[in-house]
Amino acid sequence: MPELPEVETIVRDLAPRLRGRTIRGAQVRWPRTIAAPAPDEFVAKVAGLRFETFDRRGKYMIFGLARDDQSHFRGVAPTRWLIIHLRMTGRIDLSPHGHQADPHTHVILELDDGADMSFRDPRKFGRIWLVADPQQAIGRLGPEPFDPTFSAQTLAKRLNGRRTAVKALLLDQSIVAGVGNIYADEALFEARMHPARPGASLSPDEVERLHVAVQLVLARAINGGGSSLGSGSTNYVRPGGEAGGYQEEHRVFRRTGQPCPICATPIQRLRIAQRSTHFCPSCQPE
DNA sequence: AAGAATGTTACATG
DNA sequence: ACATGTAACATTCT
């Protein structure tokens, strides 16, 4: 499940491989993957564009592309943006051109160095945009967790008056961008906070703790290369195929019944906002 | 082996 | 504005 740390890892892996590469052509095998423009227009317009910049916003990957033309100069300002959201099971693979694409590969970008950049997504929830302005794809997204605009104060303001469980609020991308189910649970454990606590019930101290915990957990996960869970074909892997390592550091996520790393109380599971939620009943009291 | 669970976001309905 | 629920899907788990 690619959340912010997984997406960040993928973008970092991709940047040195793709910088300066030109897209020669594209194949769209499942048209609905292309959110904008129309799939045939996407194929026509993406050819001849060169990768210039590499970014991430929340769980969106943002590639700045420039027209290749006859210019030999690199580093020109991007004129088009290729934006990819992996949703649940999307992933990016790099492989030699013309390789046998598996049945869940929905879009293939052919690069000028003989490689194919493929978008593979068994559940087909992932989306790709080619737009003139990133806002067209990203819409209204909350602050980046490491940006100064995400502070204990701004978080407190967004939690103010909300009766919704704090876990559900962490998953709300308009409050803070990039937190998904894994890191919401891990951050709440780090903050020693019960996931069902109403947003409005947090004291200023607790909001501060939560703010720090979100940043800490995400930063650690990025350092670990993200989390790979399970072994199925839907699992997250890096573009080179290797797994992340942060799943080894999970303290509560998918550890129901196992001892809490702090107090050895068995981890419990409950359902909040239709998502399974893991916590230590002793370290994270109601 | 049928049925439920999985998790992200946009959209719809109170 | 807020709260809740559902669709979009196919694989994996029970």
Side-chain angles (χ1 to χ4, degrees), chain A residues 1-8 10 28-36 39 56-62 83-92 101-107 119-129 131 134-142 145 156-188 195-201 218 221 226-237 243-244 246-247 250 252-257 269-278:
Chain A
M1 297 118 257
E3 304 179 25
L4 185 151
E6 290 75 30
V7 176
E8 178 70 24
I10 293 168
V28 176
R29 318 167 113 221
W30 181 261
R32 294 173 66 173
T33 298
I34 308 297
R56 177 196 55 72
R57 181 86 168 82
K59 303 171 195 171
Y60 294 83
M61 299 188 269
I62 305 181
I83 299 181
I84 303 179
H85 197 302
L86 301 169
R87 293 279 184 100
M88 290 183 59
T89 57
R91 81 188 197 198
I92 304 293
D102 92 69
H104 299 116
T105 295
H106 307 314
V107 177
F119 175 76
R120 181 184 182 280
D121 183 14
R123 291 186 69 176
K124 299 178 176 167
F125 290 175
R127 290 293 179 263
I128 299 177
W129 294 257
V131 289
Q135 279 310 114
Q136 292 173 258
I138 287 162
R140 151 175 153 283
L141 203 58
K157 208 164 285 177
R158 295 302 310 269
L159 266 36
N160 183 39
R162 301 291 300 266
R163 281 174 298 176
T164 305
V166 64
K167 155 96 185 244
L169 296 169
L170 283 180
L171 296 175
D172 181 342
Q173 302 298 298
S174 75
I175 291 177
V176 56
V179 177
N181 209 33
I182 299 171
Y183 301 110
D185 282 5
E186 293 297 318
L188 286 163
R197 292 270 307 276
S201 76
L218 292 175
S227 303
S228 296
L229 291 161
S231 52
S233 64
T234 56
N235 194 18
Y236 152 82
V237 293
Y246 192 69
Q247 62 282 356
H250 292 176
V252 290
F253 190 77
R254 293 210 185 156
R255 294 181 56 83
T256 311
R269 195 176 90 123
L270 54 88
R271 224 165 162 74
I272 294 176
Q274 286 87 243
R275 260 44 157 255
S276 62
T277 299
H278 316 75

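The figures that follow rest on heavy atoms only: side chains count, while hydrogens, waters and symmetry mates do not. Naming convention: chains lettered A, B, ... in sequence-line order (proteins, then strands); numbering from 1 in each chain.
Atoms CG (A:L86) and C1' (C:dA8) sit 16 Å apart, rounded to a whole Å. Rounded to an integer number of Å, the gap from A:F119 CZ to C:dC9 P is 13 Å. We find that CZ of A:R32 is positioned 10 Å from C1' of C:dA7, with the value rounded to whole Å. Spacing between atom CD1 of A:I272 and atom C1' of C:dA3 amounts to 15 Å, rounded to whole angstrom units. In this entry the distance linking CZ of A:R123 with P of C:dA7 reads 14 Å, nearest Å.
Contact check, A:R127 against B:dT8: no side-chain N or O comes under 4.0 Å of OP1 or OP2. Within the 4.0 Å cut-off from OP1 or OP2 of B:dT6, at least one side-chain nitrogen or oxygen of A:R269 is found. The phosphate of C:dG5 (OP1 or OP2) has a side-chain N or O of A:Q274 nearer than 4.0 angstrom. At B:dT6, one or more side-chain N or O atoms of A:R271 fall inside 4.0 Å of OP1 or OP2 (strictly under the cut-off).
With hydrogens and angles disregarded, a donor-acceptor distance shorter than 3.5 Å links the side chain of A:R158 to the backbone of A:S174.
Ion pair A:R120/A:D102 flagged as a salt bridge, since at least one NZ, NE, NH1 or NH2 atom sits closer than 4.0 Å to an Asp/Glu carboxylate oxygen.
Contact annotation for A:Y183: no contact, since no heavy-atom pair falls under 4.0 Å across all strands. Using a 4.0 Å heavy-atom distance criterion, A:S276 is classed as a sugar-phosphate-only contact. A:G180 comes within 4.0 angstrom of sugar-phosphate atoms only, judged by non-hydrogen atoms across all strands, and of no base.
Between A:H106 and A:W30, the ring planes lie tilted relative to each other; the angle falls in the 30° to 60° range.
Within residues 156-165 of chain A, the residues that place at least one heavy atom under 4.0 Å from DNA chain C are, in residue-number order, A:R162, A:R163, A:T164.
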Contact pattern, 5' to 3', of nucleotides 9-14 of chain B - B, S or - by protein heavy atom under 4.0 Å: BS----
If a pair means Watson-Crick or G-U wobble with both distances below 3.5 Å, what does DNA chain C look like in dot-bracket form, with | marking bases paired to a different strand? .|||||||.|||||
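Of the candidates C:dC9, C:dT11, B:dT6, the closest approach to any side-chain atom of A:H104 belongs to C:dT11.
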